[in-house]
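A short worksheet on the structure shown next.
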Amino acid sequence: MMGRVTLRNLAAHKIRLVLTAVAVILGVAFVAGTLIFTDTMNGRFDQLFDKIGKDVAVQVRGTALGEGTDDQGEKERGPVPAALLAKVAAVPGVKNATGNVTGYAALVGRDGKIVGDEGQGAPQLGINYTPGALTAIVSGRAPAAGGEIAIGDAMAKKTGYQAGDRARVVTTSGVQPVTIVGVMDSGDMMGATTVAFDTATAQRLMLKPGYFTDITARSTGVPEDVLRARVARVLPAGTEAITGTAMRAESKDAIASFMGFFRALLLSFALVSIFVGAFIIFNTFSMLVAQRTRELALLRAIGAARAQVTRAVLGEALAVGVVGSTLGIAAGAGLAALLQGLIGSGGGLTVTATPIWVSYLVGVLVTVVSAYFPARRAAKIPPVAAMRDDVALPQRSLRVRVAAGALLTLAGAALIALGLGGDGGNPAAIVGAGAFGVFLGVTLLAPVISVPVVKVLGWPFTKLFGATGRLARQNALRNPRRTAATAAALMIGLALVTAVDVLGSSMRASVGAQIDQQFGADYTVSGTGGGGVSPADAKRVAAVPGVRNTVPVYVGKALFGTAKGNSSYIAGDVAALARAARLDMISGSARAGADGVLLDKKTAEKRGVAVGGTLTAAFADHSTVPLRVSGIYEKSDFLGGIIAPAKVYLAHADKPVVDTLVIDAGGATKAKTAALKNAVKDNPALKVQDKQAVKDQVNGQVDQFVNFLTILLVMSIVIAAVGVVNTLALSVTERTREIGLLRAIGISRLQLRRMIRVESIVIAVFGALLGMGIGVAFGAALQNALADDGLDVLAIPGGTLAIYLAIAAAIGVLAALWPAWRAGRMDVLKAISTE
């Protein structure tokens, strides 16, 4: 019988439950889309690396510099001498030993822009042509001499280039005029571009003559571990051999690590959406139970047990969860396809069992758990209540709720402080748990907070609309728990969006202050994508009228002192760089000399050295150099923690690359800017920047960061808006008799609809204010925690917050459209007779 009751209730409340299901659909879509997308990308990369390293049994490469990795998780390795190729080829069991060169090479399109440079992070690869799965020539021929290249078929399709066309290629050696002699079947490279040269040209342009990046060999049938051991015996110091299986595993692990981080990032936002959806589901079932109190009491009166009533309500929640999860999985597949298209990857989606069962588990579990407490309250309705006309669910005192909310808020704040302080095993998890605690705590406190706030927010409407405004305010105050639960959903999304905006605004302000303090140069010229500034480009810049001095800046990696991982360092004219970056010297001198090095305070303390001490630097060519610490300076955001003479870098770099050219031009002017841009116009990978341009670039990067996170959080705000619609629709149904009486005593349809709109606006704005208050607190806490890392200026984006408040009011208006329209169309007599 109770099963039939559950089905009847589902049929009777279709629209309300559909709105509830929307919250489940959107949240599950985020989860399913993330899992399907990352599974698909992992599969694509697995196929790609299997194809690249197909049949490779052994790889010979330089040994890693140090035991650990650098800040990017990479190990620095030196090249291998080309003379080793013959030795490896002579090892018994080796077949097709091949020397490989890999570096930076970007094709310039017909529009004068770098092909593939759309800000997606995909690399522009340069290689030496060797026959293989991803270098099979589909038209033309392979490059055989200097000035010839082959390009991938995806690049050819995108640019319109074909075999026989003239083009330009940017490398670390500058812009090279080339002839495209062949097109390769490059496969699905996920946005990466590939340019192939003949081996000698690749070595000259991207590495150095007589060296390979690595050597790979196939096997005649000898097991790869046996072949690896044989090859290792003929290798000199500074090189090593690994199996092809290990080579492919390393490549896959690097991608898996990135995709794991990306998946965790997206899932965290999906959980926010689901968390918001839980409020909507809880609120909806609470109102449905309240409206069906008499019906449920009658069920109890005719013999239904408490457990049966609970199961009936939970059955409705289960049905909503299953349907919502099913539709959410379908929507998630569409989202994954959209993400795949955005990164330029073709092929179908990889749908495994994991996204399916995880999505159902999340969607159904959240729905059922959210409906559990309303279901319990329904079961506690006494049978005798069916005989009363004014039956209603009893309301508990707010005292326990306030005490629990205060404790949760304080505990959450303490966890956030602990996580931001860097204590504990996993700071991110600690901060996340703290934020969850704060949200729950404030949600519990919200009914108490809502009363005075709603009174203030509703006051202008009472003056503007008179009795209609007073009724709207009273409706919002009538049930503080319901108002708080509806506003809480909006609160969470706007709290996180506000925190992101405060962090972004503080980043802009902090970086702006740092540039003003530390940017002492008139201009910089730098390369994008790894090409650097070529010697020819540097000469053209130096010849521009008004340029008094140019300082090349190099970026290298070395093992300094006893550190396990290699560290990036800046090299150049140390004294000139100190002036250009306005270094604040603590001790010693910026005149380092040929064997001197400057360290910032933190690096010096970490390495345990002082001015006059010695710091040993080990390089990828396996040479070590003792460097004298000539000076210690305060933190520099432009030069990092270690500055060495250019001589040190040039002596150990495989292919010296000028990362940035610092220019003294006696002041920046529009004419000088134009002249400098004209000097490097033939190289589209170079950019000329003065102080303001650097600020604009940083602000653009911050804006991208903020926009990306905001877009991910918009889903939670959409779900919250659906929640406002749902609450108002149920509230209108609940107040059918009251609305009929209001119409009977003379209130017009326009006034009635206005009353509902005002009520919706007040609730939405209350949620927005609550969320923005929490968001500002979160953002300020993050800024304070990161102050030592350069985020030392707190900036509150007042204009943006005002816009959010206006958006919240607009959400209130839009959310009330359907409920207000529905209320206005009620038949007065039927409404009055409703029990």
Side-chain angles (χ1 to χ4, degrees), residues 19 279-280 282-284 286-288 290-291 392-393 395 398 401-402 405 442-494 717 720-739 741-742 747 750-773 804-824:
L19 288 172
F279 282 93
I280 308 304
F282 173 83
N283 211 21
T284 300
S286 294
M287 295 181 73
L288 287 174
Q291 291 174 19
L393 287 174
Q395 296 290 336
L398 290 175
R401 184 178 182 130
V402 170
V442 173
T443 301
L444 291 174
L445 294 172
V448 178
I449 301 171
S450 70
V451 175
V453 175
V454 167
K455 284 182 178 179
V456 173
L457 291 176
W459 178 81
F461 295 105
T462 65
K463 300 300 180 183
L464 189 62
F465 301 123
T468 304
R470 287 194 295 274
L471 284 170
R473 182 171 71 164
Q474 194 59 40
N475 286 337
L477 288 168
R478 180 185 300 179
N479 192 330
R481 286 180 172 85
R482 181 188 304 166
T483 297
T486 306
L490 195 58
M491 171 196 77
I492 296 167
L494 277 176
I717 296 175
V722 171
V724 178
V725 175
N726 214 2
T727 299
L728 287 174
L730 290 169
S731 179
V732 166
T733 303
E734 187 179 77
R735 303 200 307 255
T736 298
R737 183 183 179 90
E738 174 189 323
I739 290 171
L741 289 170
L742 287 172
I747 192 172
L750 177 63
Q751 289 174 312
L752 181 64
R753 290 167 179 165
R754 180 181 295 156
M755 178 189 76
I756 294 172
R757 283 197 298 270
V758 170
E759 179 185 353
S760 178
I761 292 170
V762 168
I763 293 173
V765 171
F766 167 60
L769 288 174
L770 206 59
M772 289 190 294
Y804 288 160
L805 203 59
I807 290 173
I811 287 174
V813 172
L814 294 173
L817 289 179
W818 178 60
W821 175 83
R822 188 162 173 247

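- In plain terms, the two heavy atoms of A487 and F766 that are nearest each other are CB-CD2, 3.4 Å.
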In residues 751-764, what donor-acceptor pairs under 3.5 Å come from side-chain atoms, sequence neighbours left out?
| from | atom 1 | to | atom 2 | distance (Å) |
| --- | --- | --- | --- | --- |
| Q751 | OE1 | S748 | N | 3.0 |
| Q751 | OE1 | S748 | OG | 3.3 |
| E759 | OE1 | R735 | NH2 | 3.0 |
| S760 | OG | G812 | O | 2.5 |

Contacts table for residues 442-466: side-chain donor-acceptor under 3.5 angstrom, sequence neighbours left out:
| from | atom 1 | to | atom 2 | distance (Å) |
| --- | --- | --- | --- | --- |
| T443 | OG1 | F439 | O | 2.6 |
| S450 | OG | A446 | O | 3.4 |
| S450 | OG | P447 | O | 2.8 |
| T462 | OG1 | W459 | O | 2.5 |

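- For I807, the side-chain contact (heavy atoms from CB on, under 4.5 Å) partners two or more places apart in sequence, or in a different chain, are I803, Y804, I811.
- L494 places a side-chain heavy atom less than 4.5 Å from the side chain of I717.
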message: As a quick check of understanding, evaluate side chain to side chain contact (heavy atoms under 4.5 Å, CB included) for L769 and L805, giving each step before the final call.
response: CA-CA 7 Å; L769 288 174; L805 203 59; 3.7 Å; yes
